Amino acid sequence: MSDIVQAPPIAAQREDRQVKLVKMASFGAGERPTVAISAATALAILLLWWIVSALGVVPHLFLPRPDEVLIQIGLIYRDGYAGASLSEHVFASLFRIIVAALIAISAGIPIGLLMGLNRWAKGVLDAPIEFYWPLPPLSYLPLMIIWLGIGETSKITLLVLAMFAPICLSAQAGVRSLPIERVNAARSLGASRLQLFIDIVLPSALPEILTGIRIALGVGWGTLVAAELIASTRGIGFMIMSASQFLATDVVFVGIGIIAICAFTFSAAIRFLEAFLVPWKGKL
(Lines give C-alpha, C1' and ligand atoms only; values in the text may rest on other atoms or scores of the structure.)
Protein backbone atom coordinates (compact mmCIF):
# COMPACT_ATOMS: atom_id res chain seq x y z
CA MET A 1 0.00 0.00 0.00
CA SER A 2 1.19 3.47 -0.78
CA ASP A 3 1.84 5.90 1.99
CA ILE A 4 -1.09 8.13 2.73
CA VAL A 5 -0.18 11.74 3.41
CA GLN A 6 -2.69 13.42 5.64
CA ALA A 7 -3.51 16.92 4.36
CA PRO A 8 -3.70 19.64 6.98
CA PRO A 9 -7.22 20.83 7.80
CA ILE A 10 -8.61 23.67 5.70
CA ALA A 11 -9.18 25.82 8.78
CA ALA A 12 -5.48 25.51 9.65
CA GLN A 13 -4.51 26.61 6.15
CA ARG A 14 -6.74 29.67 6.46
CA GLU A 15 -5.18 30.59 9.80
CA ASP A 16 -1.70 30.32 8.28
CA ARG A 17 -2.70 32.61 5.46
CA GLN A 18 -4.38 35.36 7.43
CA VAL A 19 -4.75 38.57 5.46
CA LYS A 20 -2.94 41.48 7.06
CA LEU A 21 -4.65 44.79 6.53
CA VAL A 22 -2.27 47.61 5.71
CA LYS A 23 -3.42 51.16 6.40
CA MET A 24 -2.63 53.42 3.50
CA ALA A 25 -0.48 56.42 4.26
CA SER A 26 -2.44 59.65 4.31
CA PHE A 27 -1.69 62.45 1.88
CA GLY A 28 -1.80 66.16 2.60
CA ALA A 29 -3.28 67.41 5.87
CA GLY A 30 -4.84 64.01 6.60
CA GLU A 31 -8.00 63.36 8.59
CA ARG A 32 -6.75 64.12 12.11
CA PRO A 33 -8.39 67.19 13.71
CA THR A 34 -6.45 70.45 13.85
CA VAL A 35 -8.53 72.25 16.48
CA ALA A 36 -5.77 72.06 19.11
CA ILE A 37 -3.19 73.47 16.68
CA SER A 38 -5.50 76.32 15.68
CA ALA A 39 -6.28 77.15 19.33
CA ALA A 40 -2.58 77.17 20.24
CA THR A 41 -1.85 79.44 17.27
CA ALA A 42 -4.59 81.88 18.30
CA LEU A 43 -3.25 82.01 21.86
CA ALA A 44 0.28 82.58 20.56
CA ILE A 45 -0.91 85.49 18.40
CA LEU A 46 -2.75 87.06 21.36
CA LEU A 47 0.33 86.64 23.56
CA LEU A 48 2.56 88.22 20.92
CA TRP A 49 0.09 91.09 20.53
CA TRP A 50 0.07 91.71 24.29
CA ILE A 51 3.89 91.59 24.52
CA VAL A 52 4.40 93.99 21.59
CA SER A 53 1.82 96.48 22.90
CA ALA A 54 2.97 96.20 26.54
CA LEU A 55 6.62 96.79 25.66
CA GLY A 56 5.73 99.79 23.53
CA VAL A 57 7.33 98.41 20.37
CA VAL A 58 4.41 100.00 18.49
CA PRO A 59 2.99 103.31 19.76
CA HIS A 60 -0.08 102.84 21.95
CA LEU A 61 -2.13 105.05 19.64
CA PHE A 62 -1.78 102.50 16.84
CA LEU A 63 -1.83 99.24 18.84
CA PRO A 64 -3.82 99.08 22.09
CA ARG A 65 -3.44 96.15 24.44
CA PRO A 66 -5.91 93.22 24.18
CA ASP A 67 -7.35 93.99 27.62
CA GLU A 68 -8.07 97.58 26.53
CA VAL A 69 -9.98 96.27 23.51
CA LEU A 70 -12.03 94.02 25.80
CA ILE A 71 -12.81 96.99 28.05
CA GLN A 72 -13.89 98.99 24.98
CA ILE A 73 -16.24 96.17 23.94
CA GLY A 74 -17.96 96.46 27.33
CA LEU A 75 -18.23 100.25 27.01
CA ILE A 76 -19.73 100.05 23.51
CA TYR A 77 -22.12 97.32 24.63
CA ARG A 78 -23.26 99.50 27.55
CA ASP A 79 -23.25 102.97 25.97
CA GLY A 80 -23.39 102.27 22.25
CA TYR A 81 -21.38 104.12 19.61
CA ALA A 82 -22.23 107.03 17.29
CA GLY A 83 -25.86 107.22 18.42
CA ALA A 84 -26.63 103.50 18.10
CA SER A 85 -26.25 100.47 20.32
CA LEU A 86 -23.86 97.65 19.51
CA SER A 87 -26.73 95.32 18.64
CA GLU A 88 -28.14 97.89 16.17
CA HIS A 89 -24.76 98.12 14.41
CA VAL A 90 -24.43 94.33 14.24
CA PHE A 91 -28.02 93.72 13.10
CA ALA A 92 -27.73 96.39 10.38
CA SER A 93 -24.66 94.69 8.93
CA LEU A 94 -26.15 91.21 9.26
CA PHE A 95 -29.32 92.33 7.49
CA ARG A 96 -27.32 93.66 4.52
CA ILE A 97 -25.09 90.59 4.29
CA ILE A 98 -27.91 88.06 4.61
CA VAL A 99 -30.22 89.78 2.10
CA ALA A 100 -27.38 90.20 -0.40
CA ALA A 101 -26.26 86.59 0.08
CA LEU A 102 -29.78 85.26 -0.52
CA ILE A 103 -30.10 87.29 -3.72
CA ALA A 104 -26.63 86.27 -4.94
CA ILE A 105 -27.26 82.58 -4.18
CA SER A 106 -30.72 82.51 -5.76
CA ALA A 107 -29.37 84.15 -8.93
CA GLY A 108 -25.81 82.80 -9.06
CA ILE A 109 -26.52 79.07 -8.76
CA PRO A 110 -29.11 78.80 -11.59
CA ILE A 111 -27.09 81.06 -13.90
CA GLY A 112 -23.88 79.17 -13.16
CA LEU A 113 -25.54 75.80 -13.79
CA LEU A 114 -27.02 77.14 -17.03
CA MET A 115 -23.60 78.38 -18.14
CA GLY A 116 -22.14 74.96 -17.44
CA LEU A 117 -24.85 73.16 -19.41
CA ASN A 118 -25.45 75.51 -22.34
CA ARG A 119 -22.73 76.94 -24.60
CA TRP A 120 -24.91 79.89 -25.66
CA ALA A 121 -25.50 80.91 -22.06
CA LYS A 122 -21.78 80.61 -21.32
CA GLY A 123 -20.88 82.62 -24.42
CA VAL A 124 -23.29 85.44 -23.61
CA LEU A 125 -22.78 85.70 -19.83
CA ASP A 126 -19.13 84.77 -19.42
CA ALA A 127 -17.73 88.03 -20.82
CA PRO A 128 -19.61 90.51 -18.54
CA ILE A 129 -19.02 88.38 -15.43
CA GLU A 130 -15.31 87.99 -16.14
CA PHE A 131 -15.11 91.73 -16.89
CA TYR A 132 -16.49 93.03 -13.60
CA TRP A 133 -15.42 90.15 -11.30
CA PRO A 134 -11.73 91.24 -10.91
CA LEU A 135 -12.72 94.85 -10.22
CA PRO A 136 -12.54 95.96 -6.58
CA PRO A 137 -15.97 97.02 -5.24
CA LEU A 138 -14.68 100.52 -4.47
CA SER A 139 -14.16 101.08 -8.20
CA TYR A 140 -17.89 100.86 -8.98
CA LEU A 141 -19.09 102.22 -5.65
CA PRO A 142 -19.58 105.75 -7.14
CA LEU A 143 -21.80 104.26 -9.85
CA MET A 144 -23.97 102.60 -7.22
CA ILE A 145 -24.46 105.99 -5.54
CA ILE A 146 -25.24 107.75 -8.84
CA TRP A 147 -27.63 105.09 -10.11
CA LEU A 148 -29.32 103.91 -6.91
CA GLY A 149 -28.90 106.74 -4.41
CA ILE A 150 -27.60 106.47 -0.87
CA GLY A 151 -30.24 104.17 0.61
CA GLU A 152 -30.11 100.47 1.42
CA THR A 153 -30.58 99.52 -2.25
CA SER A 154 -27.12 100.71 -3.28
CA LYS A 155 -25.44 98.99 -0.32
CA ILE A 156 -27.14 95.65 -0.91
CA THR A 157 -26.53 95.86 -4.67
CA LEU A 158 -22.81 96.41 -4.07
CA LEU A 159 -22.70 93.33 -1.84
CA VAL A 160 -24.72 91.27 -4.34
CA LEU A 161 -22.29 92.13 -7.15
CA ALA A 162 -19.35 91.19 -4.94
CA MET A 163 -20.85 87.80 -3.99
CA PHE A 164 -22.59 86.85 -7.24
CA ALA A 165 -19.51 86.08 -9.36
CA PRO A 166 -17.84 83.51 -7.04
CA ILE A 167 -21.10 81.59 -6.65
CA CYS A 168 -21.89 81.66 -10.37
CA LEU A 169 -18.39 80.64 -11.48
CA SER A 170 -18.23 77.86 -8.87
CA ALA A 171 -21.54 76.41 -10.04
CA GLN A 172 -20.29 76.50 -13.62
CA ALA A 173 -17.03 74.81 -12.62
CA GLY A 174 -18.97 72.13 -10.76
CA VAL A 175 -20.87 71.22 -13.92
CA ARG A 176 -17.74 71.33 -16.07
CA SER A 177 -15.90 68.96 -13.71
CA LEU A 178 -18.64 66.31 -13.98
CA PRO A 179 -17.14 63.06 -15.40
CA ILE A 180 -18.78 62.20 -18.70
CA GLU A 181 -18.84 58.52 -17.67
CA ARG A 182 -21.52 59.26 -15.07
CA VAL A 183 -23.66 61.02 -17.65
CA ASN A 184 -23.30 58.20 -20.18
CA ALA A 185 -24.07 55.57 -17.54
CA ALA A 186 -27.26 57.38 -16.54
CA ARG A 187 -28.28 57.76 -20.18
CA SER A 188 -27.69 54.06 -20.85
CA LEU A 189 -30.05 53.28 -17.96
CA GLY A 190 -32.78 55.41 -19.53
CA ALA A 191 -32.53 58.55 -17.39
CA SER A 192 -34.51 61.55 -18.65
CA ARG A 193 -33.05 65.05 -18.85
CA LEU A 194 -34.71 66.03 -15.57
CA GLN A 195 -33.48 62.89 -13.81
CA LEU A 196 -30.01 63.45 -15.23
CA PHE A 197 -29.95 66.98 -13.83
CA ILE A 198 -31.40 66.14 -10.39
CA ASP A 199 -29.54 62.87 -9.75
CA ILE A 200 -26.23 63.42 -11.54
CA VAL A 201 -25.46 67.05 -12.40
CA LEU A 202 -26.67 68.79 -9.25
CA PRO A 203 -25.07 66.40 -6.69
CA SER A 204 -21.78 66.47 -8.60
CA ALA A 205 -21.73 70.28 -8.71
CA LEU A 206 -22.87 70.74 -5.09
CA PRO A 207 -19.38 70.60 -3.49
CA GLU A 208 -18.13 73.33 -5.82
CA ILE A 209 -21.27 75.40 -5.19
CA LEU A 210 -20.84 75.26 -1.41
CA THR A 211 -17.18 76.20 -1.74
CA GLY A 212 -18.22 79.16 -3.90
CA ILE A 213 -20.74 80.27 -1.27
CA ARG A 214 -18.03 80.19 1.41
CA ILE A 215 -15.74 82.29 -0.77
CA ALA A 216 -18.58 84.68 -1.61
CA LEU A 217 -19.42 85.24 2.06
CA GLY A 218 -15.78 86.07 2.75
CA VAL A 219 -15.79 88.55 -0.14
CA GLY A 220 -19.08 89.98 1.12
CA TRP A 221 -17.72 90.67 4.60
CA GLY A 222 -14.65 92.23 3.02
CA THR A 223 -16.90 94.49 0.94
CA LEU A 224 -19.09 95.44 3.90
CA VAL A 225 -16.91 98.37 4.98
CA ALA A 226 -17.02 99.80 1.46
CA ALA A 227 -20.79 99.28 1.26
CA GLU A 228 -21.37 101.10 4.54
CA LEU A 229 -19.42 104.12 3.33
CA ILE A 230 -22.58 105.19 1.52
CA ALA A 231 -24.15 107.62 4.00
CA SER A 232 -24.62 105.00 6.72
CA THR A 233 -25.43 105.66 10.35
CA ARG A 234 -25.59 101.99 11.36
CA GLY A 235 -23.32 99.03 10.77
CA ILE A 236 -20.01 97.53 11.82
CA GLY A 237 -18.25 98.96 8.79
CA PHE A 238 -19.61 102.41 9.59
CA MET A 239 -18.38 102.02 13.17
CA ILE A 240 -14.88 101.12 11.97
CA MET A 241 -14.66 104.00 9.50
CA SER A 242 -16.07 106.50 11.99
CA ALA A 243 -13.61 105.39 14.69
CA SER A 244 -10.66 105.57 12.30
CA GLN A 245 -11.38 109.26 11.64
CA PHE A 246 -10.91 109.97 15.35
CA LEU A 247 -7.93 107.58 15.73
CA ALA A 248 -9.98 105.44 18.13
CA THR A 249 -7.91 102.35 17.39
CA ASP A 250 -9.49 100.28 20.15
CA VAL A 251 -12.93 100.77 18.58
CA VAL A 252 -11.50 99.79 15.20
CA PHE A 253 -10.20 96.57 16.75
CA VAL A 254 -13.63 95.95 18.26
CA GLY A 255 -15.26 96.27 14.83
CA ILE A 256 -12.65 94.03 13.21
CA GLY A 257 -13.17 91.41 15.91
CA ILE A 258 -16.95 91.45 15.45
CA ILE A 259 -16.61 91.03 11.68
CA ALA A 260 -14.14 88.17 12.21
CA ILE A 261 -16.52 86.39 14.61
CA CYS A 262 -19.50 86.81 12.27
CA ALA A 263 -17.50 85.67 9.23
CA PHE A 264 -16.18 82.63 11.12
CA THR A 265 -19.71 81.72 12.21
CA PHE A 266 -21.01 81.92 8.64
CA SER A 267 -18.09 79.84 7.36
CA ALA A 268 -18.60 77.22 10.08
CA ALA A 269 -22.29 76.99 9.16
CA ILE A 270 -21.40 76.36 5.50
CA ARG A 271 -18.84 73.73 6.56
CA PHE A 272 -21.51 71.99 8.64
CA LEU A 273 -23.94 72.12 5.71
CA GLU A 274 -21.20 70.75 3.46
CA ALA A 275 -20.54 67.82 5.82
CA PHE A 276 -24.28 67.07 5.87
CA LEU A 277 -25.04 67.44 2.14
CA VAL A 278 -21.82 66.15 0.56
CA PRO A 279 -20.21 63.75 3.07
CA TRP A 280 -18.38 62.04 0.21
CA LYS A 281 -16.33 65.15 -0.68
CA GLY A 282 -12.60 64.37 -0.64
CA LYS A 283 -13.19 60.64 -0.10
CA LEU A 284 -13.77 59.49 -3.67
Side-chain angles (χ1 to χ4, degrees), residues 93-144 147-148 152-178 197 201-230 235-237 256 258-278 280-282:
S93 295
L94 287 176
F95 171 78
R96 292 162 185 150
I97 284 286
I98 292 174
V99 171
L102 291 176
I103 295 173
I105 290 170
S106 60
I109 293 177
I111 292 176
L113 293 174
L114 182 62
M115 291 174 64
L117 293 170
N118 188 282
R119 61 186 294 266
W120 283 97
K122 176 176 172 57
V124 171
L125 298 173
D126 192 56
I129 293 175
E130 292 290 350
F131 171 77
Y132 96 85
W133 159 234
L135 298 175
L138 281 175
S139 64
Y140 47 85
L141 175 61
L143 288 177
M144 297 296 101
W147 291 346
L148 303 174
E152 291 296 323
T153 304
S154 56
K155 301 177 184 63
I156 293 176
T157 302
L158 186 70
L159 292 172
V160 169
L161 289 174
M163 289 190 280
F164 169 80
I167 298 173
C168 180
L169 296 178
S170 296
Q172 178 189 347
V175 177
R176 292 288 179 176
S177 63
L178 172 63
F197 176 78
V201 175
L202 192 57
S204 299
L206 195 55
E208 293 281 354
I209 292 172
L210 292 174
T211 301
I213 293 174
R214 281 180 54 202
I215 296 172
L217 287 172
V219 173
W221 282 107
T223 311
L224 181 68
V225 177
E228 292 182 343
L229 283 173
I230 311 173
I236 307 170
I256 292 173
I258 294 173
I259 289 179
I261 292 172
C262 293
F264 177 80
T265 304
F266 276 60
S267 180
I270 297 298
R271 286 179 183 272
F272 176 79
L273 190 63
E274 191 176 69
F276 177 73
L277 294 177
V278 287
W280 66 85
K281 182 181 179 182

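Here, residue 1 is the first one in the sequence, and each next residue gets the next number. None of these values were measured; they are calculated from a predicted model.
In this structure, CG in Leu206 is found 8.0 Å from CD1 in Ile213, a value given to the nearest 0.5 Å. Distance check: Ile97 CD1 to Leu217 CG gives 7.5 Å after rounding to the nearest 0.5 Å. A distance of 5.0 Å separates CG in Leu113 from CZ in Phe197, rounded to the nearest 0.5 Å. A distance of 10.0 Å separates CG in Leu141 from NZ in Lys155, rounded to the nearest 0.5 Å. Note that CD1 of Ile156 is 13.0 Å distant from CE of Met144, once rounded to the nearest 0.5 Å. Here the CD-CG distance, from Gln172 to Leu125, works out to 9.5 Å after rounding to the nearest 0.5 Å.
Around the OH atom of Tyr140, the shell of radius 6.0 Å holds more than 12 heavy atoms that belong to other residues, nucleotides or ligands. Counting non-hydrogen atoms of neighbouring residues, nucleotides and ligands closer than 6.0 angstrom, the CZ atom of Phe264 reaches no more than 12 such neighbours.
Taking every heavy atom of both residues into account, Ala100 and Met163 meet most closely at CB-CE, 3.4 Å. A pairwise comparison of heavy atoms in Cys168 and Ile111 identifies SG-CG2, 3.8 Å as the closest pair. The two residues Ser170 and Gly212 come nearest to each other via the heavy atoms OG-CA, 3.1 Å. Heavy atoms only, all atoms of each residue included: Ala205 and Ala171 are closest at CB-O, 4.4 Å. Of all non-hydrogen atoms in Leu159 and Gly220, the two that sit nearest each other are CD2-O, 3.5 Å. Pairing each heavy atom of Ile167 with each of Ala216, the nearest pair is CG1-CB, 3.6 Å.
Here the side chain of Thr211 pairs a donor or acceptor atom with the backbone of Pro207 at under 3.5 angstrom. With hydrogens and angles disregarded, no donor-acceptor distance shorter than 3.5 Å links the side chain of Thr223 to the backbone of Ala162.
Contact of the Leu161 side chain with the Phe164 side chain is not registered, since no non-hydrogen atoms from C-beta on lie closer than 4.5 Å. Within the 4.5 Å cutoff, the side chain of Leu158 has heavy atoms near those of the Pro137 side chain. Inter-residue side-chain proximity for Glu130 and Leu169 is flagged as met; some heavy-atom pair is nearer than 4.5 Å. Counting heavy atoms from C-beta on, the side chains of Arg271 and Arg214 come closer than 4.5 Å. Inter-residue side-chain proximity for Met115 and Val175 is flagged as unmet; no heavy-atom pair is nearer than 4.5 Å. The shortest side-chain heavy-atom distance between Phe266 and Leu94 falls under the 4.5 Å cut-off.
Taking the charged nitrogens against the carboxylate oxygens, Glu152 and Arg96 do have a contact shorter than 4.0 Å, which makes a salt bridge.
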